[in-house]
Amino acid sequence: MKRSEDLIAKQGATSDTFQEVLARRIARRSFLKGALLATPLLIMRPDQFSKHLANAAEGDGLNFKSIRLDNRDRILVAEDYRADVLIRWGDPVFRDSPAFNPLTQSKLSQEHQFGYNCDFVSYLPLPYGSNNSIQGLLWVNHEYTNEKIMFPNYDIQNPTQTQVDVGIAAHGASVVEIRRRASNDWQVINSSLHNRRITGETEMEFTGPAAGDALMKVSYDTTGRRVRGMFNNCGGGTTPWGTVLTCEENFNQYFANRNGLADGPIKTNHTRYGVGSSVSGLPASRSERGWEIFHDRFDLTKDPNEPFRFGWVVEVDPYDPTFVPKKRTALGRLKHEAATTVVATDGRVVVYTGDDERFEYMYKFVTSGKYNSSNRAANFGLLDQGTLYVAKFNDNGTGQWLPLVHGQGNLVAPTFISQAEVLINTRFAADAVGGTKMDRPEDIEINPVNGKLYCAMTNNTSRGIGSNPAVNGVNPRTGNRHGHIIEIAEDSNNPASLSFTWEIFLLCGNPATQPVDSPAPTLGAEATYFGGFDPSKVSAISSPDNITFDRKGNLWIATDGQPTTFGMNDGIFAVPVEGQNRGFLRQFFSGVIGGEVASLRFGALDQSLFITIQHPGEPGTGPNSANSSFETPTSVWPDGNTPPRPSVVVVTKQVGKGSPVVGS
Ligand code: FEO
Ligand code: CA
Ligand code: CA
Ligand code: CA
């Protein structure tokens with residue numbers, strides 16, 4: 001019997017206590033004893049973390065010696081590897097780009113330079129369809145901007161138009177060609193005709209059911225089919241046909257003045273998505289960056305529909321620098337995190353995506369049409385027709401994908417008058433059909449070896465607290481501040497299945513802390529679980545965020561939150577998911593002060609690992625960071641002087657050019 005079937009078969013349907021059900025969901029192995037205990041909240045000193053620096057056993061290829069959590073302003077990587085900065089905020093993207101000068105920034109220069117806060121990174125080999133490990137395109141999202149550490153003497157009360165326009169231009173994405181030289185390092189090719197900057201002003205199109213809907217029309221686009229720019233592109237993915245899916249996440253923060261709107265459905269929607277909320281310390285009519293001061297479309301009282309045109313998955317062909325980006329509305333409007341594509345058994349295409357906010361949902365989209373492997377162009381409209389589903393997790397380890405289809409169930413008039421409105425109001429549709437509210441669903445990725453889905457729940461300190469939703473089987477910790485990872489097997493191992501089984505793979509935290517009993521029947525915030533592996537041998541980890549797999553099927557995890565939970569820098573951790581070392585998690589890489597490790601992707605043949613370091617020196621991220629500014633930043637990485645610069649880092653083997661990062 002398959003593992004999950006075995007678990008279900010052994011289970012009594014009605015007589016189990018919650019804790020028994022939970023224990024069965026995570027107690028696949030016998031190491032559970034001692035792993036499910038809670039400890040008080042505390043910030044750890046470096047010497048309080050596990051001192052085990054174990055080497056891996058053979059088989060999974062993870063032969064590195066683990067490193068320790070770090071709190072200095074530097075990157076660290078495991079012995080025998082090198083980590084090099086490949087491209088930084090402000091670096092030239094084109095041959096004629098101006099050199100970076102933080103004192104003379106302009107919209108025009110930023111439009112020709114690498115953008116800010118690099119996030120989703122992907123390596124696309126050149127030429128298309130090859131497996132070239134030394135020449136390819138690098139796609140990088142630019143999620144958001146940190147004006148206080150970007151600009152000298154920045155005054156949040158009175159941003160200048162230059163600062164606003166640089167900020168808009170620093171959003172979006174970059175495509176740059178990169179080549180690996182004989183000396184073993186990677187280089188950006190500024191003269192490549194592939195290179196491109198996409199910004200908050202780049203013309204894009206809507207496609208799919210919501211394109212042209214009345215809610216999508218604004219003063220500068222009365223067709224509801226064209227839009228300027230994409231914002232807060234955080235996670236993403238690539239398709240089997242070589243396009244990038246880049247995901248708009250916290251788009252709400254760019255809009256101002258919700259209180260100036262009349263009560264009604266539009267205001268209700270904007271409230272649910274957090275659009276136009278007031279910002280602490282600023283007038284009620286202000287957004288954080290003040291873009292509405294110079295650009296009317298960000299003022300809700302002038303263009304109340306503009307936010308409906310953000311929060312989508314955007315498809316871009318990185319091999320065609322003239323491609324008009326397409327916002328694929330069939331995939332729903334939410335704070336998208338990840339868009340992981342896989343071809344189902346019958347050839348239809350499935351895209352998994354999460355909505356990264358506390359108590360929001362996980363989704364998947366299944367196309368109506370089938371993937372055409374012999375005609376690339378035939379796939380470019382695939383994502384415009386199909387069905388969007390929201391995940392429902394049952395405490396017994398099963399689950400269903402519930403369709404969000406107008407006319408079915410509760411998705412009917414007068415609340416929803418069309419499929420376009422179901423998609424524009426995806427969160428309300430998911431509420432209406434009864435999806436399961438999760439602990440910040442961030443990345444969802446498919447293991448290329450065992451075919452299972454791994455889903456990172458970054459954290460949710462509100463879970464089970466006060467009047468917030470209580471713990472459930474799949475979100476089992478009260479005040480879940482360290483996050484967890486869920487393992488899902490679609491029924492029949494078919495991504496298009498409408499039912500699945502699941503179990504908890506990791507409950508993150510520091511297993512070296514002193515355990516104390518948690519109040520039954522719930523687990524406290526500090527309870528940990530590592531796939532059944534001996535917790536005394538693993539690295540401490542908090543806030544799993546973005547994940548990927550090497551070719552052997554090991555899970556690689558980047559974190560976003562350790563400065564807050566541990567008082568230590570974020571990092572990268574690797575862990576086998578199968579075999580005797582399932583759950584043997586070790587730290588491979590450490591980031592810098594105030595910066596998350598935002599994304600990680602292997603290049604062709606796993607010879608390089610591309611990593612994005614986002615928001616180094618961010619005000620409010622990590623200890624003593626509230627006053628971090630251009631003048632007094634908490635980080636001066638990577639150049640040793642201000643301003644800190646979000647950058648892409650590439651990790652390779654120190655010896656033996658062309659050796660894979662994993663295995664020999
Ligand atoms: Fe932009 Fe969900 O992190
Ligand atoms: Ca992210
Ligand atoms: Ca994140
Ligand atoms: Ca981030």
Side-chain angles (χ1 to χ4, degrees), residues 115-122 139-146 170-173 200 230-237 244-254 273-274 288 310-314 332-340 352-363 427 438-445 454-461 480-486 508 541-548 556-566 569-573 591 594-601 610-616 618 620-622 646 648:
Y116 204 77
N117 268 350
C118 41
D119 202 297
F120 173 71
V121 63
S122 186
W139 171 282
V140 186
N141 283 357
H142 300 300
E143 186 182 18
Y144 67 101
T145 44
N146 287 97
H171 281 68
M230 58 184 194
F231 292 111
N232 217 265
N233 290 69
C234 186
V244 170
L245 300 180
T246 174
C247 299
E248 294 182 307
E249 193 193 15
N250 299 305
F251 62 92
N252 56 299
Q253 62 190 262
Y254 304 102
Y273 283 80
E288 180 183 340
F310 299 88
W312 303 102
V313 173
V314 188
R333 176 173 164 271
L334 43 119
K335 295 181 182 176
H336 281 282
E337 186 58 63
T340 295
Y352 295 93
T353 186
D355 187 349
D356 182 14
E357 192 153 345
R358 296 171 184 181
F359 305 115
E360 290 299 340
Y361 304 101
M362 286 170 51
Y363 299 86
R427 287 181 166 185
M438 309 298 289
D439 285 351
R440 286 189 56 196
E442 180 94 3
D443 206 356
I444 303 170
E445 299 285 341
Y454 291 77
C455 318
M457 304 297 120
T458 305
N459 52 43
N460 183 353
T461 52
N480 178 16
R481 72 191 197 112
H482 294 300
H484 61 287
I485 293 185
I486 302 160
C508 297
I541 179 175
S542 184
S543 306
D545 210 51
N546 284 282
I547 57 180
T548 196
W556 291 68
I557 306 165
T559 66
D560 175 14
Q562 292 187 162
T564 302
T565 54
F566 287 160
N569 297 340
D570 280 310
I572 290 177
F573 303 77
E596 75 176 89
V597 181
S599 179
L600 72 177
R601 275 290 189 282
F610 297 95
I611 297 167
T612 51
I613 301 295
Q614 191 182 76
H615 58 74
E618 182 169 70
T621 297
V648 178

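One-based numbering, in listed order, for ligands and for the atoms of each.
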(message) Distance check below 2.8 Å: does E337 bring an N, O or S atom to atom 2 (Fe) of ligand 1?
(response) yes
(message) Tell me which N, O or S atom from E442 is the closest to atom 2 (Fe) of ligand 1.
(response) OE1
(request) Name whichever N, O or S atom of E442 ends up nearest to the Ca ion (ligand 2). (result) OE2
(message) Taking N, O or S atoms only and a limit of 3.0 Å, check whether E596 reaches the Ca ion (ligand 2).
(response) no
(message) With carbon and hydrogen excluded and only N/O/S kept, which atom of D545 is nearest the Ca ion (ligand 3)?
(response) OD2
(request) Taking both backbone and side-chain atoms into account, decide whether D560 has an N/O/S atom under 3.0 Å from the Ca ion (ligand 3). (result) yes
(request) State which residues pass side-chain hydrogen bond (donor to acceptor under 3.5 Å, both in side chains) with R601; sequence neighbours excluded, sorted by chain then number. (result) E445
(message) Before we go on, tell me: are the rings of H336 and Y363 under 6.0 Å apart, centre to centre?
(response) no
(message) Ring centroids only, cut at 6.0 angstrom: are H171 and F231 within range, meaning strictly under it?
(response) yes
(request) Please confirm if an N, O or S atom belonging to D356, backbone or side chain, lies less than 3.0 Å from the Ca ion (ligand 3). (result) no
(message) My understanding is that only one of D570, T564, T565 makes a side chain to side chain donor-acceptor pair (under 3.5 Å) with S542; could you say which?
(response) T565
(request) Give me the one residue out of T458, D560, N459 that meets side chain to side chain donor-acceptor pair (under 3.5 Å) with S543. (result) N459
(request) Would you give the angle at atom 2 (Fe) of ligand 1 between E249 atom OE2 and D356 atom OD2, to the nearest 10°? (result) 80°
(message) Before you tell me yes or no, could you show the steps for R440 and E357 under salt bridge (charged side-chain N to carboxylate O under 4.0 Å, His left out), namely the whole-Å CA-CA distance, both residues' side-chain angles and the distance that decides it to 0.1 Å?
(response) CA-CA 5 Å; R440 286 189 56 196; E357 192 153 345; over 6 Å; no
